[in-house]
Engineer: 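This structure is in structure tokens; I'll ask about it shortly.
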Amino acid sequence: MKIIASRTVCIGAGQCVFSAPESFDQDDDGKVVVLDDSPEPGAALAAVREAVEVCPSRALSLVAD
Amino acid sequence: MLKTDFDDARTEPYGPPEQHRELQSTNPVALLDWAGRGRGVWAITKYDDVRAVLSDFRFSSDRSKPDHPAHAAYSPGTIQGQIIAMDPPRHSLIRGRVMGEFTVKKVAALRPRIEQIVDEAIDAMLAGPHEGDLVEALALPLPSMVIGELLGVPYEDHHFFQTNSAIYTDQRATPEERTAATAAIREYIATLVDARLDTPGVDILSRQLAAGATRDEAIGLGFLLLIAGHETTSNMISLAVMTLLDQPELLQQLRDDPAILPKAVEELLRYFTIAEVGGLRLATEDLDVHGVTIPAGSTVWALTNTANRDPEVFPEPDRIDFSRGARNHVAFGFGPHQCLGQNVARLELEVVLQRIIDRLPNLRLTVPVSQLRFKEHGNFGLYELPLAW
């Protein structure tokens with residue numbers, strides 16, 4: 001699975017960084033930065049799924065490779 | 001038609017009003033009679049629908065529209081220039097400019113200072129008579145100090161801020177008192193902004209001005225941060241401490257495994273969902289929710305408090321369960337207006353609970369919870385939390 005992140009709709013709540021710190025960070029403006037767009041199945045992918053679920057601006061999605 | 005006046009009491013004892021729970025299972029998109037305003041209001045009670053409404057800008061937050069349910073004519077204390085009262089593109093511009101101030105990393109860097117403030121408050125509690133009101137001793141001063149320092153408010157003015165923002169959010173205050181408190185805070189922040197225009201400092205307002213914010217935008221932002229970052233956090237701190245003292249098995253879980261503290265904070269946020277009226281919107285066109293068409297011009301109320309007790313999303317929703325790990329709650333709202341300072345609130349709550357557990361082992365309630373006075377209708381919380389330690 002591959003992470004797609006829209007920096008245009010991101011509102012910088014940082015919820016993805018809380019849920020999946022290995023996969024997401026924020027730049028100085030608060031916008032999402034994807035650190036690793038292909039999380040390993042298991043704990044890393046589960047954390048990214050949570051990030052997608054809690055993102056308040058629905059800026060994140062997971063798509064099949 | 002069911003009536004509401006936004007003052008239906010919480011039940012069981014902290015959950016949503018019974019009427020709203022019934023709607024959730026029987027009529028999740030319900031037109032109620034908003035008796036006090038002489039018009040209808042669409043109550044949205046299911047979790048998925050609440051999130052859908054709050055993430056759709058066609059449900060407008062623009063309070064300058066005369067029909068908006070939170071227009072200044074109805075909400076004493078509403079001021080212009082606040083991002084909670086805007087739609088895009090203005091909202092996107094102003095929020096985009098400030099959101100870098102509240103990144104997870106920047107907030108985490110506040111931890112040592114927050115720990116210091118909490119420790120000093122606890123030092124003072126231990127140096128005194130070992131009993132008193134936690135709201136006054138800790139729950140209100142902490143968020144006040146934190147937001148004051150972020151805004152660059154001199155320490156000697158913190159008391160002024162605490163007094164006036166307490167009136168602003170006190171539902172028992174008269175409209176005249178709230179209007180006067182609003183004016184006093186706004187005038188103070190205007191003075192602060194003007195000083196920063198002359199001599200920039202190392203605070204949020206100075207950086208916003210440098211990044212292109214107008215004077216009015218800086219005032220609106222300063223006002224919002226002060227009000228939003230203050231009373232709400234204070235209410236959550238006192239409610240969280242009350243809960244741990246009233247349900248010792250929960251406190252024991254935190255003693256046994258401090259690593260669950262962040263999960264406990266999320267669960268307490270979900271359980272109390274203290275901000276009750278953040279979900280008021282105006283439908284700008286005919287919009288479909290859960291198969292029901294809400295006509296253009298309607299008032300819509302997305303009930304986050306009821307959504308956070310939706311049993312389809314949170315099984316046994318009335319039970320506090322720290323293992324739930326529910327980060328998907330909507331206590332901070334949802335969508336583009338979701339609370340800007342939520343990570344500061346989480347951190348303050350976490351530090352307070354941790355320090356109280358570590359440093360106040362004898363902390364206890366001095367009156368039964370049933371005798372505590374709760375703030376209702378707007379910002380749920382406690383007027384006082386009398387404790388001994």
Side-chain angles (χ1 to χ4, degrees), chain A, chain B residues 47-48 50-52 54-57 83-84 86 88-89 91-108 204 207-208 211 262-263 265-266 269-270 278 304 313 324-347 350:
Chain A
M1 302 290 280
K2 195 170 163 15
I3 298 170
I4 307 286
S6 167
R7 287 171 48 87
T8 315
V9 280
C10 174
I11 56 152
Q15 297 314 292
C16 53
V17 184
F18 265 110
S19 291
E22 286 79 25
S23 300
F24 299 102
D25 198 356
Q26 290 167 283
D27 65 15
D28 285 346
D29 293 330
K31 292 264 186 191
V32 61
V33 175
V34 179
L35 299 174
D36 170 11
D37 70 358
S38 303
E40 293 292 322
L45 184 58
V48 171
R49 285 193 197 284
E50 181 187 276
V52 171
E53 162 71 10
V54 301
C55 173
S57 58
R58 294 183 162 153
L60 304 176
S61 51
L62 266 170
V63 295
D65 289 318
Chain B
Y47 174 85
D48 285 342
V50 163
R51 295 216 314 177
L54 294 180
S55 33
D56 187 341
F57 269 125
I83 47 175
I84 56 167
M86 290 176 195
H91 173 270
S92 320
L93 173 76
I94 299 179
R95 175 143 182 163
R97 207 156 45 202
V98 73
M99 68 193 194
E101 295 283 353
F102 294 94
T103 63
V104 172
K105 273 185 196 153
K106 284 218 176 121
V107 171
I204 290 181
R207 286 191 291 272
Q208 289 299 299
K263 283 186 173 181
V265 166
E266 297 300 332
L269 287 164
R270 178 196 72 84
T304 50
V313 181
R324 204 186 287 273
R327 297 201 57 253
N328 55 335
H329 63 75
V330 288
F332 290 114
F334 195 70
H337 288 283
Q338 192 184 52
C339 178
L340 180 65
Q342 56 182 295
N343 298 325
V344 183
R346 287 188 168 96
L347 179 59
E350 203 180 307

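These figures come from a predicted structure and were not determined experimentally. The sequence lines fix the lettering, A, B, ..., with proteins before strands; numbering per chain opens at 1.
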Engineer: Of all of N328(B), V98(B), L340(B), V104(B), which one pairs up most often with chain A through heavy atoms under 4.5 Å apart?
Structural biologist: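 Highest number of pairs under 4.5 Å: V104(B).
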Engineer: Give the minimum heavy-atom separation between F334(B) and V54(A), together with the two atoms involved.
Structural biologist: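 Residues F334(B) and V54(A), closest heavy atoms: CE1-O, 3.9 Å.
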Engineer: Tell me, side chain or backbone of D25(A) under 4.5 Å from chain B's heavy atoms, or both, or neither?
Structural biologist: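 Only the side chain of D25(A) comes within 4.5 Å of chain B.
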Engineer: Of all heavy-atom pairs between M99(B) and G12(A), which one has the smallest distance, and what is that distance?
Structural biologist: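 M99(B) and G12(A) have their closest heavy atoms at SD-N, 3.6 Å.
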Engineer: So how far is it from T103(B) OG1 to D28(A) CG, rounded to the nearest 0.5 Å?
Structural biologist: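 Here the interatomic distance stands at 8.0 Å.
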Engineer: Given heavy-atom pairs under 4.5 angstrom as the criterion, report whether the side chain, backbone, both or neither of R51(B) touches chain A.
Structural biologist: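 Looking at R51(B), backbone and side chain both touch chain A.
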Engineer: If you look at every heavy atom in P56(A) and S55(B), which pair is closest and at what distance?
Structural biologist: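 Of all heavy-atom pairs spanning P56(A) and S55(B), the closest is O-CB, 4.4 Å.
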Engineer: Can you check whether Q15(A) reaches Q342(B) side chain to side chain, under 4.5 Å on heavy atoms?
Structural biologist: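 A side-chain contact exists here, since the closest heavy-atom pair is under 4.5 Å.
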Engineer: Minimum heavy-atom separation for A13(A) and Q338(B), please, with both atom names.
Structural biologist: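 Closest approach of A13(A) to Q338(B): CB-OE1, 3.6 Å.
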Engineer: Write out, in numerical order, the residues from residues 35-50 of chain A with a heavy atom short of 4.5 Å from a heavy atom in chain B.
Structural biologist: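 Near chain B, by residue number: E50(A).
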Engineer: Quick check: do R327(B) and E53(A) have side-chain heavy atoms less than 4.5 Å from each other?
Structural biologist: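 No, too far: nothing below the 4.5 Å cut-off.
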